[in-house]
Amino acid sequence: MDSKPLLVVITGPTAVGKTAVSIALAKALDTVILSADSRQFYAELNIGTAKPDAAQFSEVQHYFVGQLSIHDYYNVARYEADVLQLLPSLFEKHPVVLMVGGSGLYIDAVCRGIDDFPDPTPELRNYLKGILADEGISKLQDLLQQHDPAHMLEVDIANPKRLLRALEVCMTTGKPYSEQRMNQSKARDFRVVKIGLNLPRAELFARIGQRVDQMMVAGLLEETKQFIPLRHLNALNTVGYKELFTYLDGEVSLERAVENIKTNTRRYAKRQLTWFKRDMEMKWFEPHQTAEILDLCIQDY
RNA sequence: GGUGUCGUAGCUCAGUCGGUAGAGCAAUGGACUGAAAAUCCAUGUGUCACUGGUUCAAAUCCAGUCGACACCA
């Protein structure tokens, strides 16, 4: 048997039941959980991100939950580095470690790696955002055509974020983005098993509706109110908070805002599934199949 | 019980002079390398309540039935 330690990734669409499954697995395997949820990172975001509750935290040691402030800048490359730095010490004590969350890009960065690009600088990003606002997306397309015509053939030219990011890399490195994107998996000194949780669509959507209602009962509106002055922060461009801002602005009724949260959560779940479905390494289960998932983990180490 | 209005996509509704139908929302599929709960692309969904009649042709006109709503009793 391979002597490398094992990282078990538990993922799936929002509200499918990842937390409950992962707590049960962590207890059975006597191990810890790394969150791969790009919104649970933020200490201030609690109700709207469906963080594990106090009892669950006390049962299992969690990492990458609440370690950031919403004022902090963070990105997927930093997450990759932070996880890779932490993992060896965890593997010393636990032959299996769990990574749980629904942020597909972040999971891939840990499992496969991500190319070594420079972080964006606020100055350049604001400059390019200004061009987008003043001159439109066609100007960004023109610029990328100059800097990286090869990438123009592959990139989604209607997506401003893709154009903007590619331009940032071109302009800060002086080399075309497409030449620097290796798209190759990096070597890891641990093995990975990927568990995807899913439910029939109607059941998943029902769970989403129930969870949003629970969040409202738990005080999501009050939590959101305190963020009104901070709403421009990226961390608050998040389902749950952004819809309630429109209610607090008087644009829509509370009932309408809550419906919008449910709709946008459903769409988010669908996008997550699109991402995970194309991963051929993913082994799919329903969240009640904890025993089968545990068997798979044990059999693999 | 009577009178009136209405019944078209999952929902809200449009549909002109009769030529078998289309908007919005919802939904569905997809993309994705430092903003990713972000951002972007694509796509329909039909016993036109039912039964009959008129007509070359009915969502459309006529009759009846059923249902919803409003008003009257």
Side-chain angles (χ1 to χ4, degrees), chain A residues 11-16 18 35-42 45 47-51 68 70 72-82 101-122 124-126 128-129 132 137 140-141 151 154-169 172-173 177-186 201-202 204-205 208-209 211-212 215 220 232-244 252 256 259-279:
Chain A
T11 190
T14 188
V16 78
K18 296 185 291 295
S35 170
D37 183 308
S38 71
R39 290 303 187 265
Q40 289 186 5
F41 296 159
Y42 297 102
L45 307 185
I47 298 170
T49 59
K51 278 181 185 164
L68 298 176
I70 55 176
D72 293 334
Y73 174 77
Y74 201 66
N75 64 45
V76 62
R78 293 185 183 188
Y79 178 74
E80 179 199 19
D82 289 345
S103 300
L105 178 65
Y106 283 65
I107 292 169
D108 284 355
V110 170
C111 296
R112 294 202 253 270
I114 195 164
D115 286 317
D116 190 22
F117 294 126
D119 271 3
T121 66
L124 181 56
R125 178 154 289 191
N126 287 333
L128 291 169
K129 277 183 181 175
L132 176 64
I137 195 165
L140 292 185
Q141 293 167 348
H151 192 53
E154 298 173 1
V155 73
D156 178 358
I157 61 168
N159 190 329
K161 290 194 180 186
R162 296 279 130 67
L163 299 176
L164 206 144
R165 177 60 191 154
L167 276 170
E168 281 178 349
V169 173
T172 52
T173 62
Y177 175 78
S178 57
E179 282 181 15
Q180 302 174 74
R181 229 187 82 192
M182 297 296 107
N183 207 12
Q184 283 179 341
S185 292
K186 292 183 188 168
R201 190 64 61 98
L204 179 65
F205 282 9
I208 286 171
R211 196 174 69 174
V212 171
M215 285 179 178
L220 182 59
H232 59 281
L233 296 173
N234 177 58
L236 290 168
N237 186 190
T238 296
V239 174
Y241 302 100
K242 60 181 176 181
E243 294 83 2
L244 288 180
V252 300
R256 183 71 248 167
E259 279 309 305
N260 289 342
I261 295 174
K262 292 176 182 175
T263 297
N264 288 331
T265 305
R266 291 195 293 267
R267 289 174 173 167
Y268 170 49
K270 202 160 82 65
R271 275 180 271 129
Q272 288 176 298
L273 283 166
T274 299
W275 182 287
F276 299 134
K277 273 188 288 188
R278 70 176 177 174
D279 189 337

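Values in this document were obtained by computation on a predicted structure and should not be read as measured data. Each chain gets a letter, A, B and so on, in the order the sequences are listed, and its residues count up from 1.
We find that NZ of A/K270 is positioned 15 Å from P of B/C40, with the value rounded to whole Å. The separation between A/R267 atom CZ and B/U39 atom P is 12 Å, rounded to whole Å. A straight line from CG of A/D108 to C1' of B/G34 spans 14 Å, rounded to a whole angstrom. Straight-line distance from the CD atom of A/E154 to the P atom of B/U33: 10 Å, rounded to whole Å. We find that CG of A/L163 is positioned 12 Å from P of B/G34, with the value rounded to whole Å. Atom CD1 in A/I137 sits roughly 13 Å away from atom P in B/U39 (whole-Å rounding). Atom CD1 in A/I157 sits roughly 15 Å away from atom C1' in B/U39 (whole-Å rounding). Rounded to an integer number of Å, the gap from CZ of A/R256 to P of B/C25 is 11 Å.
Nucleotides B/A57 and B/C66, compared at atom C1', are 27 Å apart to the nearest Å. B/U51 and B/U8 are spaced 16 Å apart, taking the P atom of each and rounding to whole Å. Spacing of P atoms, B/A59 relative to B/G18, comes out at 13 Å, to the nearest Å. With both ends at atom C1', the span from B/C71 to B/A23 equals 33 Å, rounded to whole Å. Taking atom C1' in both B/G52 and B/A58, one finds a spacing of 13 Å when rounded to whole Å. The P atoms of B/G46 and B/C6 are separated by 27 Å, rounded to the nearest whole Å. If you take atom P in B/A73 and the same atom in B/U65, they sit 25 Å apart, rounded to whole Å. Using atom C1' as the reference point in both B/U28 and B/C69, the two lie 34 Å apart (nearest Å).
Considering CG of A/L204 and OG1 of A/T14, their distance stands at 8.0 Å, rounded to 0.5 Å. The structure places CZ of A/R181 at 7.5 Å from CG of A/D115, a figure rounded to the nearest 0.5 Å. How far CD of A/E243 is from OG1 of A/T238: 9.5 Å, rounded to the nearest 0.5 Å.
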Dot-bracket assigned to RNA chain B with the 3.5 Å Watson-Crick/G-U criterion, [ ] for crossing and | for other-strand pairs, is (((((((..((((.....[..)))).(((((.......))))).....(((((..]....)))))))))))).
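Taking only side-chain nitrogens and oxygens, A/R162 comes nearer than 4.0 Å to OP1 or OP2 of B/U33. Contact check, A/N234 against B/A36: a side-chain N or O comes under 4.0 Å of OP1 or OP2. The phosphate of B/A27 (OP1 or OP2) has a side-chain N or O of A/R266 nearer than 4.0 angstrom. The phosphate of B/U33 has OP1 or OP2 within less than 4.0 Å of a side-chain N or O from A/R181. Dashed line: the shortest gap from a side-chain N or O of A/R165 to OP1 or OP2 of B/G34 is under 4.0 Å. The phosphate of B/A36 has OP1 or OP2 within less than 4.0 Å of a side-chain N or O from A/R39. Contact check, A/K277 against B/G30: a side-chain N or O comes under 4.0 Å of OP1 or OP2.
Within the 4.0 angstrom heavy-atom criterion, no nucleotide atom of any strand lies near A/N260. Across all strands, A/Y106 comes closer than 4.0 Å only to sugar-phosphate atoms, never to a base (heavy-atom distances). Contacts of A/N183 with the nucleic acid, taken as non-hydrogen atoms under 4.0 Å apart, include base atoms. A/N237 comes within 4.0 angstrom of the backbone, heavy atoms only, and of no base. A/R201 comes within 4.0 angstrom of sugar-phosphate atoms only, judged by non-hydrogen atoms across all strands, and of no base. Within 4.0 Å (heavy atoms only), A/S103 reaches sugar-phosphate atoms of the nucleic acid but no base atom. A/G104 comes within 4.0 angstrom of nothing in the nucleic acid, heavy atoms only. Within the 4.0 angstrom heavy-atom criterion, no nucleotide atom of any strand lies near A/T265. Note on A/Y79: nothing from the nucleic acid sits closer than 4.0 angstrom, heavy atoms only. As judged by a 4.0 angstrom heavy-atom cut-off over every strand, A/R125 is placed among the base-contacting residues. Using a 4.0 Å heavy-atom distance criterion, A/F205 is classed as a sugar-phosphate-only contact. When heavy atoms are screened at a 4.0 angstrom cut-off, A/K242 is found touching the sugar-phosphate backbone but no base atom. Across all strands, A/D37 comes closer than 4.0 Å to base atoms (heavy-atom distances).
Aromatic rings from A/Y42 and A/Y74 are positioned such that their centres are separated by 6.0 Å or more.
The pair A/R165-A/E168 meets the salt-bridge criterion, since a charged nitrogen lies less than 4.0 angstrom from a carboxylate oxygen. Taking a cutoff of 4.0 Å between a charged side-chain nitrogen and a carboxylate oxygen, A/K51 and A/D37 do not qualify as a salt bridge.
Two residues are said to be in side-chain contact when any heavy atoms from C-beta on lie closer than 4.5 Å; A/L220 and A/Y241 meet this criterion.
For the residue pair A/T274/A/R271, the side-chain donor-acceptor check at 3.5 Å is not satisfied. A/E154 and A/S178 form no side-chain donor-acceptor contact under 3.5 Å, judged by distance and modelled atom types alone.
Checked against salt bridge (Lys or Arg N to Asp or Glu O under 4.0 Å), A/D279 has the following partners two or more places apart in sequence or in another chain: A/R112, A/K194.
Across the interface with RNA chain B, nearest-nucleotide mapping of A/K262 and A/P120 shows A/K262 to be the residue nearer the 5′ end. If A/Q184 and A/A158 are placed on RNA chain B by their nearest nucleotide, the residue sitting closer to the 5' end is A/Q184.
Glycosidic conformation of B/G34: syn, with the torsion inside 90° of 0.
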Do A/L273 and A/R201 pass the side chain to side chain contact (heavy atoms under 4.5 Å, CB included) test, and can you show the C-alpha distance, the side-chain angles, and the key distance before you say yes or no?
CA-CA 11 Å; A/L273 283 166; A/R201 190 64 61 98; 4.0 Å; yes
